[in-house]
Amino acid sequence: MKFGGTSVESADAIERVARIVTSRLKRSPVVVVSAMARVTDQLVAMGNIAAGGDCDAAIKLLQSLRERHFQTAIELLGTKRGATLAPKLEKHFSELENFLRGLAAVRELTPRGTDYLLSFGELISSIMVADAFAVRGLNAAWVDSRQCLITDATHTRAVPQMEQTRERCKKKIVPLVSKKRVAVMGGFIAATAAGVPTTLGRGGSDYSAAIIGAALDADCIEIWTDVEGMMTTDPRLCPDARTIKRISFNEAAELAYFGAKVLHPATLLPAIHQNIPVYVLNSRNLKSTGTQITAQAPPSQDVFRAITAKNGISIVNVVASRGVMVHGFLRSVFEALDRHSSPVDIVAISEVSMSFTMETKRLAKALLSELEQIADVACEDRQAIICLVGEDIHGKPGIAASVFNIIANAGVNIRMISQGASEINISFVVQESDVPKAVRHLHAHFFPAKSNVVLAQKKNGVVGRRPNGTGTRAVRSRSAAAGAAASLELRASRGYERTRD
Ligand code: ASP
Ligand code: MG
């Protein structure tokens with residue numbers, strides 16, 4: 001069970017977490033928590049200020065962090081027990097203070113130093129949550145993630161070493177679980193085999209939960225957050241949006257990539273490799289069943305699983321200058337894209353021209369000037385990619401026609417179209433300003449009221465709990481899982497940024 005920053009942001013929130021974990025005791029939970037909301041950002045700020053030489057300003061920020069934690073500890077534990085926790089927390093705060101003073105002296109914050117600095121957020125939150133659990137009658141045990149989750153030394157985005165992590169978890173966590181104790185540990189933070197602190201990259205607590213879940217061969221991985229799971233579309237764009245009950249790994253990965261902000265796509269990797277179902281649940285609404293992500297999802301009455309929109313896209317039109325050989329032209333364009341490691345989303349090609357889309361913020365000036373050497377180049381900003389995802393569209397005629405009819409009836413002009421590359425999505429480009437209109441029309445048509453009903457449970461699919469790790473796994477899941485894993489690995493390596501808890 002992983003609880004994000006907003007789920008542990010205050011005494012009330014931690015209180016709720018304790019109740020949720022208590023309700024799951026029979027299933028032997030292991031708990032992974034993020035730093036309290038905003039803490040990691042504050043640690044980053046402190047580090048930068050200290051490394052810039054302003055030690056006093058950094059220490060002042062530290063002081064407010066300290067007060068927030070002590071205050072929460074007292075609210076959670078009462079003055080008496082809070083007083084016994086205080087020295088445990090203070091040990092870390094004074095280490096952090098020493099580190100900030102050191103930074104101000106040497107005026108340099110290295111990636112290795114950054115990992116050490118950021119580790120305090122999750123160390124402190126997890127220690128506090130473990131104590132809060134104990135006071136509420138849970139047989140909790142704090143576990144140091146740095147002794148369980150082993151990574152390489154790529155600081156600030158370290159890569160987990162599964163074999164070593166598995167061994168460590170067997171040694172440190174399994175004995176606790178068998179004694180019916182609830183292990184509580186910080187997400188996001190890890191260490192090299194030699195014990196040097198590392199982190200998995202911002203937003204990495206989900207990833208930690210999946211890694212630990214996979215290492216323990218868990219029955220399921222629960223990601224508790226502050227929204228109702230994954231939604232059929234962004235509720236800010238379309239108030240009729242609702243929770244997706246079941247979704248496949250492939251579809252979830254596609255959604256994450258095309259703008260859904262709930263899960264870090266790389267999060268799913270360890271779960272995909274081991275076919276462990278992942279749930280996204282709301283810690284503020286225990287009645288909601290959230291979203292279940294499995295290797296295969298049962299077919300639903302809806303054609304699509306969800307609609308996403310990604311703003312901030314540029315279309316780049318590249319037309320070969322006269323006299324340029326046709327085959328040489330395409331090769332040169334792709335080589336230029338490659339040299340600049342340009343993450344292209346959608347591509348359309350004709351003999352002597354090519355259009356592609358890219359996030360505007362990643363479109364390098366140097367790339368454009370290089371392309372201008374061989375072609376006429378025109379860029380259009382403020383575009384958006386709308387993407388409809390669903391595995392069931394495969395082999396069904398007429399779906400693209402209805403999508404584009406709806407868009408036409410909404411009076412929206414389509415700039416580029418792509419279908420087929422991933423086989424489970426139809427995506428197209430429109431002007432940013434047309435996004436709300438287009439999404440609302442599509443959603444009204446493809447998700448009429450009372451849809452989203454699961455039609456049938458697949459016999460071999462992973463549904464809920466798997467008895468003692470020996471149950472039947474989805475038969476066809478291997479290749480689907482492998483495909484999703486490959487595309488996720490690629491996309492994760494392209495530097496996906498997650499923007500919410
Ligand atoms: N606390 C870390 C961050 O803010 C990790 C996480 O929340 O998942 O990036
Ligand atoms: Mg977070």
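Computation of the quantities below employed the complete heavy-atom set of this structure, encompassing side-chain atoms and omitting hydrogens, waters and symmetry-equivalent molecules. First listed ligand is number 1; within each ligand, the first listed atom is number 1. Given the structure is predicted, the values throughout are model-derived calculations rather than measurements.
- Side-chain atoms of Tyr279 and Gln292 form a donor-acceptor pair, as typed in the model, at a separation below 3.5 Å.
- Each of the following atoms of ligand 1 lies closer than 4.0 Å to a heavy atom of Arg202: 3 (C), 4 (O), 9 (O).
- Close contacts of ligand 1 with Thr40, meaning ligand atoms under 4.0 Å from a residue heavy atom, involve 1 (N), 2 (C), 3 (C), 4 (O).
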Give every donor-acceptor pair under 3.5 Å between a side-chain atom in residues 47-63 and any protein atom, sequence neighbours left out.
residue : atom : partner : partner atom : Å
Asn48   : ND2  : Val44   : O            : 3.4
Asp54   : OD1  : Ala57   : N            : 3.2
Gln63   : OE1  : Arg66   : NH1          : 2.8
Gln63   : NE2  : Glu67   : OE2          : 3.3

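- No donor-acceptor distance shorter than 3.5 angstrom exists from the side chain of Asp302 to the backbone of Phe304, with no hydrogens or angles considered.
- Less than 4.0 angstrom separates some heavy atom of Ser34 from each of these atoms of ligand 1: 6 (C), 7 (O), 8 (O).
- The shortest N or O to N or O distance between Glu122 and ligand 1 is below 3.5 Å.
- A donor-acceptor pair under 3.5 Å is absent between the side-chain atoms of Arg362 and the main chain of Met358, judged by distance alone.
- Under the 6.0 Å cut-off for aromatic ring centres, Phe70 and Phe93 qualify, their centroids lying closer than that.
- Residue Gly4 places no heavy atom under 4.0 Å from ligand 1.
- Considering backbone and side-chain N/O atoms, Gly203 comes within less than 3.5 Å of an N/O atom of ligand 1.
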